[in-house]
Structure formats: C-alpha cells, structure tokens
Amino acid sequence: MATMSALQSSFTSLSISSDSSFLGQRLLSPISLSVTSPVKPTENPCLVFAKLKRWERKKCKPNSLPILHKMHVKFGDTVKVISGRDKGKIGEVTKIFTHNSTIVIKDVNLKTKHMKSREEGEPGQIVKIEAPIHSSNVMLYSKDKDVVSRVGHKVLDDGQKVRYLIKTGELLDTIEKWKQLKEAKEKETTQVAVASAS
C-alpha cells in the first residue's frame, strides 16, 4: 500500500506545461486538458482495407452456401467462344457450375493433366481434360445461320416460356431438343457403365 501511495503522490506532483521538457526536448504545443470542445469521431478512421481471400469475397446465403448465379447458357447449348485463348472455337456445353458461373465446353480450353499410375506396373499418363471457362466469354451460336447472338425470352401461345436467339429468332428450348439431349445422355451413361464393367 505504501508503494501505491508513493506512486500516486509522484503522479500528482508532475505538471505538464509549455516550458517543461520531455526527454530533453520541448513540447511543440501546450496541452489543454479542458473538456469544453468535444472531439468529433472521424467517419473513416482507417483507410487501409484488408485484402480478402477468394472464398471470403464470394457472397453467401445465411446457410453459408454460395449464391447461385443465373446464366444465359444451359446444358446442351451450342456456343462460340468470344474471348480468350480459344477465341472463335465452337462447341457444345457439357457441364455447368452455377456457383461461379463457369461452363465446360466439349473440346475447348483443353489442359494437360499428368496422371500417376494407380496400380503397380501400370505407367503414368498425360491426359487432355476440358477445363471450365467463364460463361461471359461465350455467346450462343446458330448452326443454321452461322451467326452468334444474344439470348431473349418470350412466352409462346400455349403459355410455355422459351429462350430464343435475338438475331435469328430460332427457338432454343424445344421439347424435341430436350428429348434428343436426354437420349444422348442416357447413351453416354450406358456406354460408360459397359466400359467400366468389362
């Protein structure tokens, strides 16, 4: 207790004035301890912004799942690449990732992947795989008119909402086309099952 009272007395004996020195240097301005002028808080106290990680910048729902984006292309559409290394190539959409708006196009944006051997004695191999490309880098393509176009939406007389190419007026979502896509997908899955079984 004696040390506490000695410290308190030493602090009260200190007085800061304009002519007093601090570590051998004079203070630049006298310090006013009055409370008459309140200090206004600054709106932006810190101008340095932390650089966020890629997964932190993604907007998420309350359940922490990423927000799914609507895209102008769907599975089975014929598209033309309008920018990037594969500019001008035409292909069919084989896979869609809605959480980051990317698509996989058949025989476009091929990357080489070095595969290790899975079993002993089996050699490793270099495989070409189709990497995803952003959906904003492609436009829908008409095979009949050989032209790229933006997509439009309209409601038919029977109340069905369909997509169409604005330049040509060609319908994209027809029942016949979806039946063809479904049959092609079923054929592909049966071929893969047969190949894996043998």
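Computed from a predicted structure; not experimentally measured. Position 1 is the first residue of the sequence, and the numbers go up from there. The basis for the numbers below is simple: all heavy atoms, side chains too, and nothing from hydrogens, waters or symmetry mates.
- Using a 4.5 Å heavy-atom threshold, the side chains of Asp77 and Lys74 count as touching.
- The cationic atom of Lys154 (NZ for Lys, CZ for Arg) lies less than 6.0 Å from the six-membered ring centre of Tyr164 and within 45° of the ring axis.
- Residues Val81 and Ile105 are in side-chain contact: their nearest non-hydrogen atoms beyond the backbone lie under 4.5 Å apart.
- With a 4.5 Å cut-off on side-chain heavy atoms, Lys113 and Met115 count as touching.
- Annotation: the span from Lys145 atom NZ to Thr168 atom OG1 amounts to 5.5 Å, rounded to 0.5 Å.
- Clustering of Ile, Leu, Val, Met, Phe, Trp and Tyr side chains at separations under 4.5 Å places Ile90 together with Ile82, Met139, Tyr141, Val148.
- Here CZ of Phe97 is found 10.5 Å from CD1 of Ile103. Values are rounded to the nearest 0.5 Å.
- You'll find the side chain of Val162 reaches within 4.5 Å of the side chain of Leu156, heavy atoms only.
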**Report entry** Check against side chain to side chain contact (heavy atoms under 4.5 Å, CB included), Lys111 and Asn109
**Finding:** CA-CA 6 Å; Lys111 306 281 183 188; Asn109 198 22; 3.5 Å; yes
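- The side-chain heavy atoms of Leu172 and Leu140, taken from C-beta on, include a pair separated by under 4.5 Å.
- Counting heavy atoms of neighbouring residues, nucleotides and ligands inside a 6.0 Å radius, atom CG of Asp157 does not exceed 12 of them.
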Which is it for Lys167 and Val147 under the side chain to side chain contact (heavy atoms under 4.5 Å, CB included) test, yes or no, and what are the steps along the way?
CA-CA 8 Å; Lys167 278 188 183 175; Val147 68; 3.9 Å; yes
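- Side-chain atoms of Asp158 and Gln160, non-hydrogen and from C-beta on, do get closer than 4.5 Å to each other.
- Annotation: the span from Lys187 atom NZ to Lys182 atom NZ amounts to 15.0 Å, rounded to 0.5 Å.
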* Asked: So Asp86 and Lys89, salt bridge (Lys or Arg N to Asp or Glu O under 4.0 Å) or not? Walk me through it.
  -> CA-CA 6 Å; Asp86 296 320; Lys89 288 188 179 179; 3.3 Å; yes
Pair up each side-chain donor or acceptor in residues 130-138 with any protein partner under 3.5 Å, not counting sequence neighbours, and list the distances.
| residue | atom | partner | partner atom | Å |
| --- | --- | --- | --- | --- |
| Glu130 | OE2 | Asp107 | N | 3.0 |
| His134 | ND1 | Ser136 | N | 3.2 |
| His134 | ND1 | Ser136 | OG | 2.9 |
| Ser135 | OG | Ser101 | O | 3.2 |
| Asn137 | OD1 | Ser83 | OG | 3.1 |

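- Interatomic distance, Lys185 NZ to Gln180 CD, rounded to the nearest 0.5 Å: 15.5 Å.
- Taking a cutoff of 4.0 Å between a charged side-chain nitrogen and a carboxylate oxygen, Asp173 and Lys161 do not qualify as a salt bridge.
- To the nearest 0.5 angstrom, Leu110 atom CG is 6.5 Å from Lys128 atom NZ.
- Side chains of Ser142 and Glu170: a donor on one and an acceptor on the other come within 3.5 Å.
- Thr102 and Asn100 form a side-chain donor-acceptor contact under 3.5 Å, judged by distance and modelled atom types alone.
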